[in-house]
Every structure is written in C-alpha cells, then in structure tokens.
Undergrad: 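The structure under discussion is supplied below as structure tokens; questions concerning it will follow.
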Amino acid sequence: MSDDILKHHDKCLSQLSPLLVDKAVKHLRSVITLEDAIQIRNDWIKDPKTWWAIAHHWWGMGIRNSLRDSVCSDSELPSGNWDDYYVPLVEMACGLRKYGHA
C-alpha cells in the first residue's frame, strides 16, 4: 500500500506547474518551523513512505489550510484537493525530496 501512496504523490506532483510548486515550497519554507522540520526529518528517516500519516489530521490540516490561504484554493488544483500535494511539497521544503526543475 505504501508504494501506491508514493506513486500517487509522484503522479499528483507531476501535474502541478513549476510555478505553483515554487510558490508552494517557498510558502512552506516560511511557515514550517525549525522544530517541525527536525521532527519531519526524524519521522521521514523512520518511515519515508508514511511519515506524514500520524500528523495528517492536526498538523497536516494546518499546512493544507495555509496552502489554501496563501498559495491557491483546492479548486485551482488538478485533483481539487491539497491532500494530494502537500506531502511531497513539505518533503521538498524540508530538503527530503528533490526540488527543482529539469
């Protein structure tokens, strides 16, 4: 199942424009605290596939709402839901996933 989650995140992320990715990552870097970034990294090291699941309903909701308020609404996204994009974008913002465009 977790490999399916990774494939889903990769597929969804590939549907976003580079400008939207840049805007989202810059925003996330401005709102994710150092303490949170360290915790994310530690959780990711333990389980890079589902590190986010334990915090999806509390911390993750705050992140998604922040993206909605400062980047774009869900209706402007290809899938219509930030749930499909915030995890890999947080990983990019924390240096855990390749960031940049070829």
Undergrad: Return each pair, listed once, that meets salt bridge (Lys or Arg N to Asp or Glu O under 4.0 Å) where at least one residue sits in residues 29-46; pairs must be two or more places apart or across chains.
TA: none
Undergrad: Any chance you could measure Lys23, atom NZ, to Leu89, atom CG, to the nearest 0.5 Å?
TA: 13.0 Å
Undergrad: Provide the closest heavy-atom pair for Ala24 versus Trp82 in the form atom of the first, atom of the second, distance.
TA: CB-CH2, 4.3 Å
Undergrad: Going by atom types only, do His9 and Asp84 share a side-chain donor-acceptor pair under 3.5 Å?
TA: no
Undergrad: Evaluate side chain to side chain donor-acceptor pair (under 3.5 Å) for Trp51 paired with Glu91, printing each intermediate quantity in order.
TA: CA-CA 10 Å; Trp51 65 268; Glu91 292 171 348; 2.6 Å; yes
Undergrad: Between Asp10 and Arg97, does at least one N-O distance fall below 4.0 Å, as a salt bridge requires?
TA: yes
Undergrad: Please walk me through it: do Trp52 and Trp59 pass side-chain contact (heavy atoms from CB on, under 4.5 Å)?
TA: CA-CA 9 Å; Trp52 52 271; Trp59 182 83; over 6 Å; no
Undergrad: Under 4.5 Å between side-chain heavy atoms, chaining through other members, with only Ile, Leu, Val, Met, Phe, Trp and Tyr counted: pull out the rest of the cluster around Ile38, sorted by chain and number.
TA: Leu34
Undergrad: So, does Tyr85 use its side chain to make a donor-acceptor pair with the main chain of Ser79 at under 3.5 Å?
TA: yes
Undergrad: Tell me the closest heavy-atom pair linking Pro48 and Leu6, and the distance in Å.
TA: O-CD2, 4.2 Å
Undergrad: Determine, stepwise, if the pair Thr50 / Asp47 fulfils side chain to side chain donor-acceptor pair (under 3.5 Å).
TA: CA-CA 6 Å; Thr50 59; Asp47 182 4; 2.4 Å; yes
Undergrad: Is it the case that one hydrophobic cluster holds both Ile54 and Ile5, taking links as side-chain heavy atoms less than 4.5 Å apart, direct or via other members?
TA: no
Undergrad: How far apart are the C-alpha atoms of Asp74 and Asp83, what are their side-chain angles, what is the distance that settles it, and do they pass the side-chain contact (heavy atoms from CB on, under 4.5 Å) test?
TA: CA-CA 9 Å; Asp74 290 72; Asp83 283 8; over 6 Å; no
Undergrad: Carefully, step by step, assess Met61 and Asn65 under the rule side-chain contact (heavy atoms from CB on, under 4.5 Å).
TA: CA-CA 6 Å; Met61 179 60 75; Asn65 285 340; 3.7 Å; yes
Undergrad: Hey, is the main chain of Leu67 close enough, under 3.5 Å, to the side chain of Ser70 for a donor-acceptor pair?
TA: no
Undergrad: Considering residues at least two apart in sequence or located in another chain, which fulfil the side chain to side chain contact (heavy atoms under 4.5 Å, CB included) criterion with Cys94?
TA: Ile32, Ala37, Ile40, Val90, Leu96
Undergrad: Before you tell me yes or no, could you show the steps for Glu76 and Val71 under side-chain contact (heavy atoms from CB on, under 4.5 Å), namely the whole-Å CA-CA distance, both residues' side-chain angles and the distance that decides it to 0.1 Å?
TA: CA-CA 10 Å; Glu76 298 173 75; Val71 178; over 6 Å; no
